[in-house]
Each structure stands twice: as structure tokens, then as C-alpha cells.
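Per chain, numbering begins at 1; letters A, B, ... match sequence-line order.
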Amino acid sequence: MPSDSLCFEANHLSRAFGHGRRRRLAVNDATFTIREREIVSLVGQSGCGKTVLAKMLLRLEKPTSGQLLFRGRPIDAAADPREHWRQVQAVFQDPYAAFNQFFSIRSQLKAAFHLFPQRPSEREMEERVDQALLAVNIRPPDIEGKYPFELSGGQMQRMLLARIFILRPQVLIADEPTSMVDACSRAGILEYLMKLKEELQMTIVFVTHDIGLAYYVSDRIFILHEGQIVEQGTPDAVTQSPTSPVTRQLLDDIPSLHREWIGRAPRA
Amino acid sequence: MTPILEVDRLSLHYRTRFGGRIHAVDDVSFTLQKGEILGIAGESGCGKTTLVSGLMGLLIPPLHRTTGAVRIAGRDILGLTPDEARRTVLGREVSMIPQGALNSLNPTRKVKDLAADVIRSHDERADRSAIHDRLRERFTKIGLDADAVLDAYPVQLPAGTKQRVVIGISTLLNPKIVIADEPSSALDVSTQKAVIRLLFDLLDEGIVSSMIFITHELSLLRHVSSRIAVMYAGQIVELGTTEQVIFDGRQPYTRALMGSMLSAEPGQKARKPVAIEGAPPYLGQELHGCRFAPRCPVAKPDCAGRDQVLREVKNHWVRCHHAE
Amino acid sequence: MVGIAAVFQKKNLGKPWQPGAQPSTVEESPRPRLLIPSFARTVFLLVVVLGFTACGPKQTTSDEFPRHETVLIGVAWGEPTSFNPILQNPSWPALQNTTALYQTFFFFNQLTGELEPQLATSYQEFPDRIEVELNPAATWNDGKPLTARDVVFTYNRLFRIVPGFPAWQYLDSVQMLDPESPRPRRLSFRLRAEKPNPLMVLHWLTLNYVLPEHVWEPLLVAAGNDYNILSKNKMDVDPVGSGPYRMHSYSAEKIVLVRDDNYWGNAALYGGQRPAPRFLVAPLYKSNDHYSMALQQGRIDASNTFIPRIWLKARKGVRAWYDEPPYFPPGCRPTAFINVLHPPLDDVHLRRAMAFAINYDDIRELAVSGYSVPHEPGFILPFGPEARYFSKEDALKYGTYFDPARARAELKEGGYTSVFKDNELVELRDRTGKRVPTLYIQCPTGWSDWESIIRIMVRGMRAVGIDAREQFVDSNAYYKALAVGDFDLILTTPSGIPSPAEPWSRFNGVLDTKDWAPLGERMYANMGRFNRPGAPGYVPRIDELLAKIPVTTQPEERVALYRELNRICMQLQPALPLVYRPKSFYEFSTKVWTGFPSAASPTVSPNIPGEGPGIQILWKLRPADAAK
Amino acid sequence: MFANHPTLRYIAGRAGWYALTFFVAVAINFWLPRLGDANPVDTLMSKVSGSLDAKSARDKEESYLKEFGLVDLDEQGRIVRDADGVPVRTSILSQFIRYVGMSVRGDFGSSIVQYPRPVADIITTALPWTLALQIPALILGWFIGNSLGALAAYRRGVFDRVLYPMALLVSAIPSFCFGILLVYVFGIQLEWLPTLGGYDDGMNPGLTWAFVQSASQYYVLPFFSIFLLVVGGQAIGMRSMCIYELGTDYVRYAKLLGVRESMIVRYMFRNAMLPQLTGLALTLGGMVGGALIAEMIFSYPGLGLSMLTAIQSLDYPVITGCTLLVTICVLIANFTVDILIGFLDPRIRAAREGGH
């Protein structure tokens, strides 16, 4: 359950790119809070600013104006961003890009322990890698000696999640983690995300263009459009009684199994 | 009515460096009628992309035909030399809309030059201004600002426009059949919708006669195709009308695919999507028995030992001896 | 096989290219026509054509310098900079010890130790001066007579403004003895009273050029007597000298001299003969190997560069002075200077132990291609003109030959103990039990023969228990370390060119204490800081001997003094003489010219043409074809 | 002034960066060799000092220091001394300021080792040889290597199976070994071609037919020693670039649309060539290093050895002059390629013109 204490708190947060006439606000005056152990989805079309916002939460981008607090302190309070990254981790769209092609997967999972100030013993590392693999439903022998290119996108995305299991961050930023994954593996990825949240008591920020996905996983949904948060609320509220035309459009654009979508019956 | 495309017991394999064979497409048969959109659904590694190569008559080593034929208007296109195939089939008879529009356009050539290359490749005498007029007309028709887009380099275009450009170039020569390989999977939902609309328009205009639409999103096929073929491990495991396959799937794999779908509709949240565990079998070895059996939630002991054939069950074709 | 399955999974995912995961589908496309871009085709043809023109028949007809009239010598290094003879280091042939263009009073024959006439016919030594008589026939090659006035001008005017001109250390002034004569030819070189040293004055008389007053006086005036301005003058356009050749031309690749058929010496010194070759050319190659190769190919006729394993080149017609070891006459003494201000190197026992520990035969055979004769202790060459000062008896009695047992005995006597572990030396302790710091032996890195010498020294020393190590440093750092005394042991060669002052100048290079400087400041002789006057253990006799030897007129006395000095050196071991080396190499090829002197017919001092006395060879050469 | 002209603004922008790089490089070139403890006068002195007593040596050394501008001088041109009479060394900063002032006037000073030869003279006699050898070898090698590499990638088969290992072999041999091999085979064993020097010893340089013929004979081996290496290296690079290009989605797409092979070859060649252009710029930068090897092996005239000896003997003015030249060459080559790529590669052009 989400707690009452705040994980992120943003006040009039903005991020601009370019100068002069080309100045463009990628994030425009966003004010929001994310509570501990909450799953919040950032939903919008491409270019709506959701990824920039996620990067600010990860301390990869600096806001041009406004204030972003992480657990009550400015996000850049510590000089060393690694402080932040120990607590806040991310998974991205392309799992292959997150792994080095030339090292075995297992060794790279083990390398995750480097982020800890104190590395556990060799045996403990092996055990924890095995546990993490099992948590994403992969039998450790199945990836023994394998390299990233030998696995499918779905499997690799699960490796990313396994890494999260090892690192045990308190906050996870998931940026379109399913967009390169088959539909049939997607459900699995979502399932493991939920499991992560349950087991590790994590706060998750989920970035997607698919409001359907958001609907399944989130406690709350933020709808972004042209840098602004145009609507936020529970999944049911957002999907069933959307207030913003942007939300309505997004809902309308999803091909659903049961609802008319494109208004044209395919010719037989 | 004779089908526009007829795939007859087609099997294709790759030769590996060590003399082995990978049977990427195994015993695939279907037909495509004029005006029809056939959906092909399946997960990664099911042989969709190999099948596309076969449908285009483009068997580039190490891909080879094992048996079967692909006939367009009665002519087996797999028997053609590569140059014949290039001149007579590719782009004209069969064309293709690739998955990643982002990477499918040569970044160092302007859109108009890329498009002109396609036209000139099939008509060496086409003169410059005729080509240009033709391009302008076609690009305007597909809803693009023709002058601006034609004069741009691919990098200068946003993703949605680029996908439209790719569709425009792919259909320049009014191909009979267009194979769309996940044309919208990299796009956001709104752009995806627009792209699908465009494809429908092309069919309605008669620019394209028929279409094969490949995707793993069954929810999308529900609105796009008239018939659906579900592929698994190189084989078609179910073939029927969209309604039949989606709402009355007989093959356990089809049903599992449906079970993994999620939907943002009210009341659906309670229904938990279920992922299909495990991975498709490796095709580089002799396979016996039902190929889905190891992952099948309803597998019976006899499944593993029994080779499956595609048989008709209640007006649609299913490859499962338990299906009724 | 698993990998290939994964490949297809990947492929269907539509992933971009992945290393190692690429099936060769697209690579093996159907055969297209051969498509060489046209520019590349053109370029390729061009290269082929170029290759063919260049491979055409070698032609020699239009040579400016016909081979049969030209002697080519490997004597010069580096691109020509300036031919101004008052520079410290001008280009050949204005370089010191070259006598083709400018001349000196005498040639020094390093085999006999005699001075042979050049510009001067004779000299006479006096306690305070040396009198020299010029050849009355001498003229400049512009036809003007060469007289004692030119000499006086050269020394008293020109050399006065050269900063640090070395002859002034020993020379006070030069005077004409017959100034009233229409063609004065008698000169008196007055020695400096506080440093009387006729040997060094004779040394300079074999090296310092005489320059024409009528050419240089105007230049000197124009430069306002300023050396820096005068030295900017390159003197490269047909400079006026008195030698048998004149400047012809030069480029970055070679320097060409042409015979002066009006050379005064042809009649006065060579019985009316003129030198055989019309041109004397010094090609400038970029490494020793190239001179060696050119010599073997007959492209050059003689060279003074180092050629390893000369005996292998004999079948290519390349020969040295001797046909067997040492191939070249020994002329100098590479020495390890010992810094006696670095304790315990002030201890004679340690120094002598070192001298006993070195395997001199190994050095001769392994490090210097065998171009040396067997080692004798001390600084006197047991060879050539110096042999008369050498005493085998002293050497056996006081000297240090390779003898590890005696090395150990010396260490023991000095109270040292060596700690070995598994036959490896761990450390050396002095008599108080304190560890002696590792002693480093320095030389510039890349000087491979010296590096080998040091390795052999280190091996020997460690074997007897002296903790020594190699130290190879950048050559610039080496020169600095040598001068300021920043070393334990360092390799160098005291004194430079064949000279009538040997072996005095060699001893002086090791022992000179007159220009004492503390560590950190520069010394240019005795860099080991041995025998500082007033220091404990100072041996005044050494300074006395150094002062006395040059002024002795009695040959027997000189022998005795040298013998005594060498004996002291053998006993006190101020430095470690290591091996004998030629002063300069002497190799020639008989492909085009014959008549080169060698040990079998030592008609001229072993110097190649274009180097000091070697110029005389040019009168003895004959075309090889004519000999057949 | 350039605000509305993206291309000019782009060029001006690049030029600005290059100018900045140039000044930084000049400063580093000047400073680095002078940082060590040793200085060239020590080296000169130890070579001449054997026969000098302390006073003459000091005189000599001070005259060197004065001549090479390493000590401060008063108004009358006398050496400024401290209380102990030791000459006051000029600080590197004031040396640098003087050097910049002189360079601006085109005066690079005199060599120390080859005193009194002006640095400009050393460079101008050597440079034509270096350029005449290197530029054609590099440029021709680049063109031919790229063409062969593209062909190998495209045609595959026997052609590739022969060419690729050969190219690998050639580029794997260290360049000096390769040169020595050429000397041994063609110069010593077969005696087809001369191997020492730039032209026959029997002549002087001049614009005569005999000289040109002689020079071209002497040119062949050094040329090929560089040319073949460049061909090998470039062919390997181009081959893998082309194989990569052939595997890209856009080549596959073009094939699926039935685009003619010749057009696909053009796509491949052009796109693969762009990164190779950068390689060309870098190769041109390495010219002096290559020159040194050719000169050491073939005694070929040129700049390399001057530079090597200068470095070995800390001949500051020559080092600084040569590195200045090298810097200028590298920067000009890179600048040209930068601008060229900016025009050839629409991805960069698009970024410049503002994209979408």
C-alpha cells in the first residue's frame, strides 16, 4: 500500500531545451507528489515530456526552474549523484543497450554488486543472483554461459528486472520497459514489476504511451501533454471519467478487443 | 475466385555454417484474396520474418526453399532468378512496409531521391520531372506536405511522418500485395491509429489490392484483418476469420496469446493477463510431437509424441488434435 | 547451435545489428557486375604507370658526378647547417679535423704518433713556446700567398672573439718571427706561463685551421667583431681555403667538393701528382646501417661509421684497417667514472673490488664486436705510439684484471659483507653493518654497446657481492648528470680525437683537479671528483705528474712519469677503464677505387679520406678497372 | 552577420573551435619539451667540453645561453646575473611570449643543434620531400584501399577471401618491418630498385629529365612502403563499414523494394565512406611519424629525421617549429574533413539547419 510519506515532490518543475526562438519547454510547470510505495504512471504521446520528467527524477537532467524534492531534500543535495542512484534505479526500453554484448549475462548481473559500498562474499553474490533469476522466473542453468545476443527481448527485459532484484533500490523508474517486448511476454514483465513492488516495498514510476498498460499497474496515472500534466488520478477515474480531451483521445486510440476502434469494418 | 496469392505447403530453411539446417518456416499454406487483409500473429522467433522473405521471392543464401511454392497469379515466384524477382516481383507484385521506419530510409539521401531510386529501378526511362510529379501527387494523397517532405532528409522528419513516407515509397508502384511487418509497433497509440487509417485508405483507393499484416498485438488485428493466421515455431497453428480466432480460438496457443492481452476497458482490470512462460523450441533440430506442448497449459501426455497436422475444426483450421 | 537459434530470435525482433549475431544473409547477395568507381580505376592506372617508368633501365650517363671520377665517403652526419669554420660544430668539410678545404699545420699520424707536414714544414719545442715554419709554397686557392700574417690574424684576431676557444687555455699569443720578410713564414706560439703544456699546443696545431686574412678581415669588420654576428655567415659559396678541394655544391642529401687542380701542395708535397678523384662527395644517409649497406653495394668508397661484424662484409669487398681482430687500431678508452663523493665509493677497496669483478674479455667480445685488444689495467694504451709508456710489469703487479677471488678479497679487506640468498645478491654491508645503497651505473638509453658493457659490469659485480644495477637514462639527462656529478658510476670516454697530447689528455680527463666544482655544478673533466686538493687522502703527486709530463723534454723521463701516473691509477682506481675502442672507424670498398692503405700497407694514418690525414689517400687511389 | 546563414555560421563556428584548439596546441607544443630538467645547452656543452677548462666552458655556455635566448639580457645586451654572478634564466613564460611574437613575424628562430641554421630553412628544405612522398601515398592509398574494401564487402567470394587476408597481413606488419622487407626483396635480393636516398648520388636536384627519372626510381619503394599499408588498413576498415552498411535496415528495405544493385552499392559506398573520411584526416596527421619511418629505412630526404634528432637533443626551436607545422597540418586536414562531412552527411547538415 502506498504510505503517506512523500517520495518525490515537484513544485512548478520545468525543463527547457534550446535557446532564443528555439527554446522549447519539455516539461512545463509540473507540480505533483509521488508517495512512498506508490506506482505512478506517466502517460502521453511521444514528445510529451514524460521521458524528460523521468530523467529528472533519476537526476540525469537538471530542472531549469522549479523545485524537485526527494524524500524531503532537494534531489541534488548530495554532491555525488551515485548517492541518489543507490536508492533510485531505472529500466529502459532497450534491454540490449543496458548490457555489454561481450560479457556473459551472469557476470554482468554479478557486477551489479559493484554499486554496493560493501560487496558480499563470492558465494553470497552467486546465491543472490540465483534468487533474482528465480524471481523473474528464469532457471539459473538456462542462462549459464550465455551472452545478451543469445536471449530474446523478453528474456533480456527480465534480466534487467533481475538486476533490480539484486540492487534492491527503493525507487524504480521504468521507461517503456515493454515496448520492445512481445505481447505475450509483456504480461510477464508487468507481473514481475508488481512482484518487485510487493517484495521490495518499492516506489515505481512507470513511463508509457499505452494508457492500457498504465491502467493495469498503477495506483495513479499522470497524463502528460506538451510538457504539462493535464490530468492525474486513479486508473479507474482516469479511464472511466476522463476530464481532459487528451486523455479521452489516448483512450480512444487504443485498439481494444471489445470496443469499436477505427470505425471501419475490414472487408472480408 | 482465384486467390491473388497462394502459399502452398511452403517450407524454408537456413543453412548453418556447419552444414545444419534451421527450418524457420515449415509447411505453411494459405491464400490471400483480392481486397483482403490477412493478419499473421505470433511471437518473436515464430518465423514471420522468414515467411516474408519467401513471400517476396527473395531467398538470399543461406535461406533456401525446402519444398512448396509461393504463387502470385499462378506463377511460382520462388523459381525466379534474383534479378527477375527484383524486376518483376519486388515493389510491383509484392511490396513491404518494414517494421522500423526509423532505420529503413537511407539517412544520407533525400526522400525524393530514395523514392526516385525505386521508380528508376523498375523503369529506367522514367524522366526526372515525370517522376517528381508522380511523387508529389502520391505523397499529397497519403496526407503529407509533399514539397517539404520530398525535399527533406529522413532525419529531419518526425517518426509518424517517416512511417508515412515509408508507406508512400512502399506503395509507389501500386503493388498488388503489401506485407506490413509490425508497421506501427514503434509508434505511440495515436500515430498508430493514423497509420492504420492510411493503410485502409490505400486499399480503398485501389492503390493496393490486398495486404498481409504481421503483428503480435491481437487487439490490433481484431480491427485490421479479415482473417488471422497464428504462427508458432515456423508453422501456422490456427487459421480462421478474425472473429473465430480472437473470440473462439481453438488452439491452446491462440488462447494463451489472448490470455496475455491486456485492455484498458472497465471491468477488465480484474482479469489478470497471463504471460506464456518458456520459449519457442529451437528449429535447428528434428521436432516431433506438438511444438507447443512444453509450454501448453492444457497439454496431455500424448501431445508430446504426436505430430500435429492442420485440420479443419468448425470452419477454421487448427493444428491441435485435442481441438474440437 | 544454441547461438543460432538466438540469432533468429533476435533477427525477428528487428533489432539493429549486433556484433557476432549477424547471419550472413545480406552479405551473400547475388553477384553484381564488377563496379570499380571510375576515379579509383584512374588512380590505379596512374600508380601502375608510375611504377613502370620508375622501373625502367637504370641510367648513369647524365650523372653530374661520374662514378669513376668521384670518391664517395661516409663521413658527414645530419643536414648541412653552416660551413663557417669558426663555429663549434659546422658541417663537413669545415668540421674540425677535415683537411680537404681548410688546412692545419700538421697531420697527426695515429699509428706513429708523428706530426706530418701540411701547411707547416717543421716545428721546434721550447720551454715557453713552439716555433713553426710554414711551407713557403702555400697559397690560398684564390691564388693569394698563405703567410704567417694569415696565421697571426687567424689566432690573434679571429680566434680571440670565439667564446671559450679552447686553445687559449694553453696558448698565450702568436707572433711572427720574420715580420719584415715579404712573405713571412716563421711563427712563435707562446705558451701560457701558468699552464705550460706544449703537448696541448701541438694538439691544437694539428686541429686549428688557418684562415685567409684577406677574406675574413672584411667579414670581421662588418660583424663589428661580434662572434654571434660573424658566426651567422654560412661561408658556403666557394669559400677560400688552402686545401686540395673546393666546395662545389651541397644539399640536404649530400655535400660535394671538387678538386682544385691549382692546389699548391700537389707540387710542394705530392711530387707533382694531383689527387685521383675529381669529386669528393659526402652523401648524408640517415643511419649507420645505410652507410654500411651503401659500402657493400659500392655506392660509397669509404666510411668512418660503425659497422657491426665487419668480417662478414669482406665478401662484399668491404675491408677495415686490419683483416682480423681488432680490425681497427685502438684509440681511446671508454671508462666508468666513479663518483667518489658518493660514499662508500671513496673507499679504494670497493673501487678495486669493482675493477677485479669486471669480465673484460666479455666486454671485448660481446659488447664491442671484438673491435678491441685484450684488456690491460690503467689508462695507457699498450698499443701504437703510447705503447712505449706502458709497463706490463707494473700492470701485473698493481693492476686489476678480471679476478673474482681478488674482488672478494678486496671487499673483505674493506670490511664489507655480501648477503646472498638463493645465490642472488641481497645486499652489501659495510664494516659498520650498514647496508650500502645500490650503486647505479649510468649510460644513455639506446647506446646499445654501452648498455651491454654495463650489463656485463653489473653481472660481474653482483657475482662477487657488490650491489650494482644498470641505469639507462635519456641522453640529455645523461649529459647533465655527467657534468654535475649526479651519478654513482657513469660511462664516458675521456678525451676525444687522436692527438699528440695523448695519453696525457686522457689522464687529465680522469684526474684534473684544477677546475674543481662541487656536486651540482659542472665539471668538464674528472667528473668523478677524484683527489680534491685539501680533502683527506689527497695525493698531491697526481697533480704534480699531470703538470710535469707535458713540459718534460727528456723522452726517458716522460716514460717514467707516465709509468708512475699509471701505477697510481692502477692502485687507487679513480675510475674503471673498460675496453679499447678505435678513435674512428676506417672501412673501405675496393669496388671502384683501389689503393686504400691498410695494416698491410700503412702508407697513411688510418683515417678515411676527408678525415684529417686521410686526405692523403686520395693521391694513392687508382680506379679499380684500371688495376684489372 | 552569420545569423541567417546556417552554412556560414557552421563554418565560422567550426573555424572558431579550430582556432582555439590551435592556440592550445601551440602552447602545449611549446611548453612540453621545456618541462624537463635537462636543456639543450647541457647536451651541446658535454659534446664540446672535453678540451675546455672551467672558464672557457663557462664562457661558451653563456654564449650559447645568450644566443638561444635562455637567459635574461639587459639593455646593452649583457647577461643579467644574480648576486652570485650566475646568469638569470629567462622564464618559460617570457620565452613563450617572445616565441609567439617571433612566430607571428614568420621567424621561428635558429636550430640549436644545427646552429645557426634557421628552423624555417630546415623545414622548407625537408618538407617538399615529405609531402611529395606522403600525400600521394596517403591519398591514393586511401582511395584504392576504400575501393578495394567496398568491393570485397560487396562481391565477397574468392575476391574477398584473397583480398581480406592480404590486407590484414599487410596492415598487421609493423610499418618499419614492411619497409625493411621491401628493401631486402627489391633492393638487395632482386636489385630492381634503389633503396638509399631520394635520387642518385651522382647528381644534384634540379628540374632535369635525368633527375626526375632518378628521383622516380628512388620514389617507388618508399612510396609503396606507405601506400600498401594505407591500402591495407583502409580496405579493412572500409570492408567492415560496408558489411555493416549492407546489414542495415535501409539496405534491406531497398532490396525488398527491388532497388537496383548499383544504387544499393552507391548507398553503401557513400555511407561507409563518411567515417573513413575522418580516418583520412587522422592519417594525414600521422604523416610526420610515417615520414620518419620511411626516412630511417630508405634514407629518404624529409622532415622526420630532423624532428627525431631535434627531440633527442632537445632542440627546442626545431621541435616547436615542427610541431607547429604538424599541428597546422592536422588541424587543416581535420577542418577540411569536418566541413566536407558537414556537407556530405545530411545528418549533420540537418542538425545545423535546425531539423524539424
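In this structure, the portions of B:V166 lying under 4.5 Å from any heavy atom of chain D include both its backbone and its side chain. For B:I179, no part sits under 4.5 Å from any heavy atom of chain D, backbone or side chain. For B:M96, the parts lying near chain D are the backbone and the side chain together; criterion is any non-hydrogen pair under 4.5 Å. Contacts between B:L58 and chain D at a heavy-atom distance below 4.5 Å involve the side chain alone, from C-beta outward. Proximity to chain D involves both the backbone and the side chain of B:L114, based on heavy atoms less than 4.5 angstrom apart.
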List the steps, then state whether side-chain contact (heavy atoms from CB on, under 4.5 Å) holds for B:R109 with D:R266.
-> CA-CA 11 Å; B:R109 265 176 103 62; D:R266 212 166 58 202; 3.3 Å; yes
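Chosen from B:S170, B:A148, B:P107, B:P98, the residue pairing most often with chain D at heavy-atom distances under 4.5 Å is B:P107.
In plain terms, the two heavy atoms of B:S53 and D:R252 that are nearest each other are OG-NH2, 4.3 Å. Here the closest non-hydrogen pair linking B:S104 and D:Y253 is O-CD2, 3.1 Å. Residue D:L257 comes nearest to B:I169 through the heavy atom pair CD1-CG2, 3.6 Å, listed as atom of the first residue, atom of the second, then distance. Considering all non-hydrogen atoms of both residues, D:Y267 and B:N106 come closest at CG-ND2, 3.1 Å.
Counting only residues at least two apart or in different chains, side chain to side chain donor-acceptor pair (under 3.5 Å) contacts with residues 87-96 of chain B comprise B:R75-B:T88, B:D83-B:R87, B:E93-B:K176.
Judged as a side chain to side chain donor-acceptor pair (under 3.5 Å), and not counting sequence neighbours, the contacts of B:R138 are B:N174. Partners of D:V231 under the side-chain contact (heavy atoms from CB on, under 4.5 Å) rule, at least two apart in sequence or in another chain, are D:I144, D:L148, D:F227.
Residues of residues 115-137 of chain B lying within less than 4.5 angstrom of chain D, judged on heavy atoms, are B:D117, B:V118, B:R120, B:S121, B:H122, B:E124 in numerical order.
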